[in-house]
Student: 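Sharing a structure, written as C-alpha cells. Questions coming.
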Amino acid sequence: MPDGIPRVAASIAPLLLAAAILPLPFGGSAHLIRYATLLWISVLYAASWNFLAQSGQVSFGHAAFFGTGAYISALLVRDAALSPFVSMPLASSATALIGLGIGLICLRLTAWFLAMVTFGFPIIIQTLMAYQLSWLTGGWDGMPSFRLFSPAMPLYHIWEYYSVCAIVGLALLTLHLLSRSRLGLALRGIAQNELASRVSGIGSYRYKLLAFAVSTFFGGLAGSLHGHYMGYISPEIYEVGTSLNPIIFCVIGGLGSVGGAALGAIAVTLAWDLLRSLGLMWERFILFGILLILTIRFAPGGLASLLRGWPPLLGSIRGGRGERMG
Amino acid sequence: MTQRRAVTKLQAIALLAIVVVIALGGLYYYMALMPTKAPPREILVGSPNPLTGPASKHGIEMRNAIALAAEEWNAKGGVYVKEFGRRLPIRVIFKDTESSRDTAVKVMTELVTVDKVDVVIGNFGSAIVFADQVVAMEHKVPYITSGASSVLLTRRTDIDVSYYFNTATHTELYPFYTMPFLDEAFRPAINKKFGFPETRNLRLAILYQDSPYGKGVLEGCKLYISKFKPKIEIVEAIPFKLGETDFRPHLLRIKESKPDFVYMAAFIPEQTAALTQARRDVGLNTLFQSVICNDDEDFYKGVGQWGDYQFQETTGTTSVPVLKGPTRENGERFVKAYRAKYGKLPAQMATHIYQTFNVVMKAIERAGTLDKRAIRDALEGIELRGEEYANALVCPFEGDVFRFTKDHLVNMRIAVIQMRWNEAKGENELGIVWPDEYKTAELEIPPWYAPGA
Amino acid sequence: MIHEVLLWGLYAASVYMLLSVGLNMIFGVMKIVNFAHGELMILGAYITFSIATSLSLNPYLAIPISALFTAILGVAVERLCFRPILGTGKLNEILVGLALTYVFQNFAITAWGPNLRSLGSPYAALSILIGPVSLPFDYLMGIGITAAALLALFAFLRTESGLSFRGTSQDSEAAMLMGVRIGRVFALSFLIGSALAAVAGSLWAISGQMFNPFTGAHLGVRAFVVVILGGLGSIPGAMIASLILGLVETSVAFAFGGVWREAAAFLALTAVLILRPMGVFGGGPRYA
C-alpha cells in the first residue's frame, strides 16, 4: 500500500479542516473557541503518548513531560524574555532530553515495571518543582505563563486559536509521518516481538530511546501550549489525572495511530462534557465508567477499529493494536 | 484500501451511537448559543464550585449556602436596583469545576460568555482560581471567592486583577491571630504552671501541608515573628504531603525538637490522624492548634477523645458558640436556617460564601445598576457598618466594619476554641478561650501536658 | 528515637501488607493488576462502618460481614468486567480498572455522601506496654488479624484448591489441560483479594483514620509500588517489599521531611528496578 504524502494529507486534512472552520459558524464564540483549543491540545498530548505506546513502552507518567514542557517554556519567556513561539520548541527539546534520560533508566523495564516507574516520575518532578526549585518556580504558588498573544491585541483569541491549530496540526503531521516511516515500522516490530526484531538487526535500544525522545518532545510541546494558553502554571499540573487522560483517550480511540488518538480524545471529551451539561453529578462518573467498560468490551480495538473498512470515512484511522505488554 | 471488510452489525450500531452522541453534543451547544428571548431582567450570578471529586464536600456546602442566601433575598423580592426602579430577582447558575483547572476554565468561559452572568461568586482552591481568574478578568466580570486562601490571587501582576475580590480568611491572616494568642494567653499560662521565667521564648513547631495553603500559613508565621518580635521561636517546621495518613515520622521529628506547642496547617482527615497519632502513638504530649478550615462538625466528631484540650481557630458560626458582637444574631439565625434546610451545621466554607453573597448583593444595591464596572467600583468602596453590617455579615470583622483592603482582601476576626471531650455525651464541647471579648471558657493546660526543653 | 522510627516503619509495612498481598494474588493467577483495588478497600471500610453503626456492633465483629460483601462484589467485577476482556491487551485491562475507580468512588459518594466518616473503636483509649514502647490495642489487633489472615492464606495454598491456584498462576494453559477449572480459580482470586482489601480498609479506618471515597488513593498507590517492588505474583516478595517500603518511607520522612516520602518510595522503586528489572523476587510467581 503506498504511503505517500497524499495518504497522509487525506488523513490529517479532515481534522485540520474541521479545526479551521469550527469557529466560523459560531461567530467566533469565545466559549467554543476555548473548548476547541483545549481539545486540540489534548489531541496532541494523546498522540504523543500514543507514539511511545507504539513501541510497546507504556508510560503512566506522561504528566512529567507535559508539566516540564510547560514550566521550562514559561521560565524561558519570563526570565529570558523569549517569545512563546521560540520558547516552546526550546522547551520541548529540553523535555525530550529529560525524556531521553528517563528512557535510559527505563530501557530494560517492560510492562508493569515500566508503568510503575514512569508513574513515579511526575511525583518526583513535582516534589522538585514545588520544593527544591521553589525559588525559581514559585513553589506551590505557581507562576504566570505568558499568553501566546497579548490580550490587548484585537481578536487575539482568534489568533491564539489558529496558532494552536497550526502548531498542533504540524505536530500531528510530523507524528503521523514518523509512525509511517521506517522508525515507526521498527517500533511496531519491537512492540510485537523485541527478540525477533533484535535478531533481524533492528537495534531495539536505539529505537526505543528514539521513541522516548520523540514522544516526550511532543508531550512537552503540548504542555507548553497548555501552559501558555491557561496563563498560569502550578505543580498541580503533575497530578495523576494528567497522566491518565492520554491513556483513556488512546485506548478508547484506538492505539497505534494518530487518528485513533485524535478520535479518542474528541469522543471522550465530548461524551464527558455532554454528561456534565446534562446536570448529572456523581452519577455521570458512574455512567462514564460503565461507558468506558462497555466500549472496551464491545470494541477491544478502540473506536477506530470500528471504522476499519470504511475507507470513505477515515481510511487512515486504522487502529493497529500492535502493542503488547507483559 | 486493500482489505475492505464487511461491517458487522455491532460495528454499525456502535458507529451510529458515536454519531448520535456527537450530534447531540453539537445540538446542545447550538441550543446553548441560540439567542434566547430576552427574559425579564434578573440578577444573574454564576457560581462555579467543585461539586464532584475530592473537594466536593466543600463545593456542595458552598452551593447549599449560596442557594440559601439567594432564596432569602428572593423571598424579600430580590435586590433593589435603581436603574430598573424595582427589585430584581436573583438567579444563580451553578457549574461543576470537578476540581480540574481545565474544566474550571471551560465553565467560567461558559458563564461569562454564554450565560452572560453579572457576577461570579464561589469556587474553591487557589490553583483552580489562578486558572479561571484569567477568564473572568479578561471579560471584566466581577469575581469574588471565599474559598481560595492565597494572597497572591489579588496581588498577581501578569494580568489585571482589579475585578477580583477575595473574602477568604487568607493564610497570612491566621498567624496574625494565632501568634498573639500564643504570646498573650498560652505562653503566660505555661510560664505560670511550670514556673518558667517571663523571658523564656515559646518553642513553636509547625507541621504544614505541602501546598499553597500550608506554605501560606508557614510564611505568615515567619512574617509575624519578624514584624512583631513576639517571644516565640520556631524550633521546627515540617511539611507533609497532601492526603498523608501516617504522621508518625513527622511527629517523631517534632518530638525531638521539644516544642511547647504545635501549629498545624492541615485538612480534616490529616488533622484527625495527626492528633490521634501524636499522643497515642509517639507520646508527643503537647497541644496543637488546628487551622480555620477544620472548624467543621465532621472534625469535632471524627477526632473524638483525641480532641480533648486541643485548640481550633474559628471565625464563628460554624461551631456552636457564635462569636459575640453585632453579627451574633444574624449568625445564630443563619446557623438555624442552614441546619433546618440541610440537616447539618454550616461549615466554615458555607458560612464565608454565604456572607460574601450578601455583601455582593449589597454592592449591587449601592451601584444601582448591573453595569459590571459600577459593581466592581461599588465593591471596592463598600463599607458596611451598624445595622447593615449586622444584617449582612455572620462573622465579626476587624473594627465591626466590612470593607475590602487596598489589595481586595478582608480582615475577618479569628478566635480560638479549646475542645473538651465529654465522655458521657461522646462529643467534644467547644469553648472560646481567646480573645477576651469573645471568651466563653477559661484556657486550661491539661495534666498530661509536657512543655518543651 | 531510631528504634521508634523502625517500629513505625514496621507498622506502616503491616498496613501495606494485606492490601498488596491481595492485589498480588489476583495478578498471580489472572495476570492483571486491578487498578480499583484501593477503592475496594474503601468500600470495605464503608460497609464495616454501615454495619457497625446501624447494628451498633463492635466494628471488629462487622469486619467479616464486610469482607463477605466486598468479596461478592469482587467476584462480580471479575465476571462482568475483567473476564470478557481478558487477553485483548494489557491496556484494556488497565482501562477497565480505571473505569471501575470512577464507578466505585462515585457509587460510595452516592450511597454515603461526601462527608468524612470515622470508625470509632471501643478500645481507642487502650494501650499495651511492650518493652519500652506502648502500642495501642487497635494496632495489636490489626497486626494480629493481618498475621492470621496471611497464615490462613498460606494454609489455603497448601490444600488441593490451593494447588490448582498455584498451578494456574504458573501456567494457566497447562493447568487448564490438567483439568483445573481456571474460571473458578480466577473468581476465587478476586474473592480472596477483595476480602483482604476490605479487611485492610476496615483495620486502617479503625486505627483512627477518617475517610471518604478519595482517601484510599494514597494507600492504593503504595500497594502497587509494593507489588512491583516485590515482583509480580510473588507473595513473599510482596511481604518483603512492604517491609522495605515501610522502613524507607518512614525513615526518609523522619530524616528529610514529609514531602520526600512519596518521591522516595518511587526513587527506591526505580533504583531497585534498574538493578533487577523484574522486581526483588521477580521472574515467575512463587507462593511459598
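Owing to the predicted nature of the structure, the values given are computational and were not obtained by experimental measurement. A, B, ... follow the sequence lines: proteins, then strands. Residue 1 opens every chain.
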Student: Please classify the contact of A/Tyr229 with chain B as side chain, backbone, both or neither, using a heavy-atom distance under 4.5 Å.
Tutor: neither
Student: Among B/Gln133, B/Glu138, B/Met108, which residue forms the greatest number of heavy-atom pairs with chain A at distances under 4.5 Å?
Tutor: B/Glu138
Student: Checking B/Thr113 against chain A: side chain, backbone, both or neither under 4.5 Å from a heavy atom?
Tutor: side chain
Student: Give, as side chain, backbone, both or neither, the part of B/Ser56 having an atom under 4.5 angstrom from any heavy atom of chain A.
Tutor: side chain
Student: In terms of heavy-atom proximity below 4.5 Å to chain B, should A/Gln126 be classed as side chain, backbone, both, or neither?
Tutor: side chain
Student: What part of B/Glu98 gets within 4.5 angstrom of chain A, counting heavy atoms only: side chain, backbone, both, or neither?
Tutor: side chain
Student: Less than 4.0 angstrom from a charged side-chain N to a carboxylate O is my criterion; do B/Asp158 and A/Arg78 meet it?
Tutor: no
Student: Would you say the ring centers of A/Tyr156 and A/Phe149 fall short of 6.0 Å from each other?
Tutor: no
Student: With a 4.5 angstrom heavy-atom cut-off, which part of B/Val105 approaches chain A: side chain, backbone, both or neither?
Tutor: both
Student: Counting only non-hydrogen atoms closer than 4.5 Å, does B/Leu51 touch chain A with its backbone (N, CA, C, O), its side chain (CB onward), both, or neither?
Tutor: both
Student: List the residues meeting side chain to side chain donor-acceptor pair (under 3.5 Å) with B/His250, not counting sequence neighbours, and say none if there are none.
Tutor: none
Student: B/Lys215 versus chain A, heavy atoms under 4.5 Å apart: side chain, backbone, both or neither?
Tutor: side chain
Student: Any donor-acceptor pair under 3.5 Å linking the side-chain atoms of B/Ser100 with those of B/Asp102?
Tutor: no
Student: Looking at B/Ser211, B/Pro239, B/Ser126, which one has more heavy-atom pairs under 4.5 Å with chain A than the rest?
Tutor: B/Ser211
Student: Can B/Arg63 and B/Asp96 be counted as an ion pair, charged N to O under 4.0 angstrom?
Tutor: no
Student: Salt bridge or not between B/Arg155 and B/Glu172? Use side-chain N to carboxylate O under 4.0 Å.
Tutor: yes
Student: Identify which part of A/Thr269 has an atom lying under 4.5 Å from any heavy atom of chain B, answering side chain, backbone, both or neither.
Tutor: side chain
Student: Tell me, side chain or backbone of B/Ile60 under 4.5 Å from chain A's heavy atoms, or both, or neither?
Tutor: side chain
Student: Measure the acute angle between the ring planes of A/Phe66 and A/Tyr45, then classify it against the limits of 30° and 60° as parallel, tilted or perpendicular.
Tutor: tilted
Student: Hey, are B/Lys116 and B/Glu110 close enough for a salt bridge, meaning a charged N less than 4.0 Å from a carboxylate O?
Tutor: no
Student: Quick one: are B/Cys293 and B/Phe267 in side-chain contact, heavy atoms under 4.5 Å?
Tutor: yes
Student: Sub-4.5 Å heavy-atom contacts with chain B: which residues of residues 233-243 of chain A show up?
Tutor: A/Ile233, A/Ser234, A/Glu236, A/Ile237
Student: By a 4.5 Å heavy-atom criterion (distance strictly below it), what part of B/Val107 contacts chain A: side chain, backbone, both, or neither?
Tutor: side chain
Student: Do A/Asn245 and A/His62 have side-chain N/O donor and acceptor atoms under 3.5 Å apart?
Tutor: no
Student: If the plane angle is over 60° it's perpendicular, under 30° parallel, otherwise tilted; pick one for B/Phe165 and B/His408.
Tutor: parallel
Student: Does a donor on one side chain and an acceptor on the other come within less than 3.5 Å for A/Ser73 and A/His228?
Tutor: yes
Student: For this output row, return yes or no: ring centroids of B/Tyr143 and B/Tyr163 closer than 6.0 angstrom.
Tutor: no
Student: Does any backbone or side-chain atom of B/Asp132 lie under 4.5 Å from a heavy atom of chain A? Answer side chain, backbone, both or neither.
Tutor: neither
